[in-house]
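Note on naming: letters A, B, ... go to the chains in the order of the sequence lines (proteins, then strands), and numbering restarts at 1 for each one.
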Protein chains: 2
Amino acid sequence: MTTVDEPARPHGRIRDAARTRSEILDVATQEFARAGYDGARVDEIAARTRTTKRMIYYYFGGKEQLFTAVLERAYGVIREAEQELDVEHLDPVAAIRRLAEVTFDHHEQHPDFIRLVSIENIHGAEHIAASEKLGRIGSPALDVIRRILASGQESGLFTADVDAVDLHAMISSFCFFRVANRHTFGALFGRDLVAPEQREHYRAMLGDMVIAYLTADRAGD
Amino acid sequence: MTTVDEPARPHGRIRDAARTRSEILDVATQEFARAGYDGARVDEIAARTRTTKRMIYYYFGGKEQLFTAVLERAYGVIREAEQELDVEHLDPVAAIRRLAEVTFDHHEQHPDFIRLVSIENIHGAEHIAASEKLGRIGSPALDVIRRILASGQESGLFTADVDAVDLHAMISSFCFFRVANRHTFGALFGRDLVAPEQREHYRAMLGDMVIAYLTADRAGD
DNA sequence: CGACTAATGTACGAACCAGTACGTTAGCTA
DNA sequence: TAGCTAACGTACTGGTTCGTACATTAGTCG
């Protein structure tokens, strides 16, 4: 049930602040992602850890701060993934396509993160705003995009004059929508955007779209 | 405060089932969009109508059914707007661009609807699934896309072999993301995707993207 | 090894909130 | 105009849920 299994001691508790804290965060991430901020139950989170509700308040102070901590860790994970991006040895077209694919994969593999972001937007990003760790944090991917874009535009390969933030938004929007709106889209149109057999199709579609946009013939402009 | 102002009668209530029902729906839409399903308060909805909580249960049965009714009406509005689409006299490229722009405008003008969709996705689209009015409802826009696409592909103008549902997803994803993730995106990257002065920029970007994708030179394939 | 503190558990309270029992009245209809 | 019913209001309840007061123990350091 819980995240880690350990040879349960018959009596006497084990003290490990770091692990307790991290276990609370694991379960809280699931619970908030499952039910939204207001739908999430502090008692439920406590029940699914091997500690008690008291510890949530001891370590985090309250539900609100717990949610903020969950967000901070979730954004940390994606930052780490982005820091491992290694695409700048590729030509600009291949590099952008690869970047889009990595973004695509990351969204697919972290639906809980997508849900947390949706939830945080419902609440006007107030937790991000209140967090010292998260304000204007940017993203390592942005720097990568900036450099690829510059190189592609310089060489004349990329005709679109788009900046890195907007291109990031374009790529993210497709990846995000596919995961976040999976349920309503499926219910209304009868198509599961996250069906495994459609995965390659949508992955290629995203790459095609971004490359087509960047390299389009703009004779008319 | 309430949606409609009327010369308040000093004593004695006015009876108008249709208006009471519709007023509840108006306020409920705002409240659910504001705070999410679990964050929304039935008492708060009641307080902001000129009727009482009793009436919400009288007309809708409960919070869950009220939310479903809110969704049904919201989807009805977008369907009506889509039915007024009149783009098939244009050439395929212009028609698709126009369709994208109309979609773009509709998303921008109905942020509450976007929020409701986000919320419904957090809850796995269970209300849509439970609704008789909303299951597999499709969308009038889809038929329009289907026809434009067929015409564009037949004439050889459109090189992408994409179907209407996927193209609809592509267009929607950009429009949706811009509105739905406005807050987190702004907080993290310092750019307001819905700033009025950026509106034309993003509207053009969407059109360029879709047209580039549809008409891309696919020599390599 | 004794004492101190960080870490943990238990039990409870107070507020909140969805839903309802019961009573009332407007307005139509015969 | 009597009476009937759809529409409405008031007041309450039972359960839930965040948060905390208080008690306890593990591990560490002098």
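For the pair A/Lys133 and A/Tyr75, the NZ or CZ position fails the cation-pi test of under 6.0 Å to the six-membered ring centre and within 45 degrees of the ring normal.
A straight line from CE of B/Met55 to C1' of D/dA7 spans 6 Å, rounded to a whole angstrom. Here D/dT20 presents its P atom at 13 Å from CD1 of A/Ile56, a figure rounded to the nearest Å. Summarising the geometry, the separation between OH on A/Tyr59 and P on C/dG9 is reported as 10 Å, rounded to the nearest angstrom. The distance between atom CZ of B/Phe60 and atom P of D/dC8, rounded to the nearest whole Å, is 12 Å. The nearest whole Å value for the distance from the CG atom in A/Asp38 to the C1' atom in C/dC16 is 13 Å. Taking atom NZ on A/Lys53 and atom P on C/dA7, their separation rounds to 21 Å, with Å as the unit. D/dT13 atom C1' lies 15 Å from atom CZ of B/Arg54, rounded to whole Å. Remark: C1' of C/dT8 and CD of A/Glu23 are 13 Å apart, rounded to the nearest angstrom.
Heavy atoms of B/Tyr58 sit under 4.0 angstrom from at least one base atom. Using a 4.0 Å heavy-atom criterion, one finds that A/Ala40 contacts the sugar-phosphate atoms exclusively. When heavy atoms are screened at a 4.0 angstrom cut-off, A/Arg41 is found touching the sugar-phosphate backbone but no base atom.
Side-chain N/O atoms of A/Gln198 and A/Arg191 include no donor and acceptor closer than 3.5 Å. Between the side chains of A/Glu23 and A/Thr49, not a single donor N or O lies within less than 3.5 Å of an accepting N or O.
Picking from D/dC18, C/dG9, D/dT10 the nucleotide with the shortest atom distance to the side chain of A/Thr52 gives C/dG9. Comparing atom distances between the B/Arg15 side chain and each of C/dC17, C/dA26, C/dG9 picks out C/dA26 as nearest. Distances from the side chain of B/Val42 to the nucleotides C/dT8, C/dA18, D/dG9 place C/dA18 closest. For A/Tyr57, whose side chain is taken as the heavy atoms from C-beta onward, the closest listed nucleotide among D/dC8, D/dC18, C/dA18 is D/dC18. In this structure, the nucleotide among D/dC18, C/dC17, D/dC8 sitting nearest to the side chain of B/Thr51 is D/dC8.
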- Message: Between A/Asp26 and A/Arg73, is the salt bridge (charged side-chain N to carboxylate O under 4.0 Å, His left out) condition met? List the steps.
- Response: CA-CA 10 Å; A/Asp26 288 341; A/Arg73 209 182 52 164; 2.8 Å; yes
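Two rings, from B/Phe189 and A/His168, have their centers less than 6.0 Å apart.
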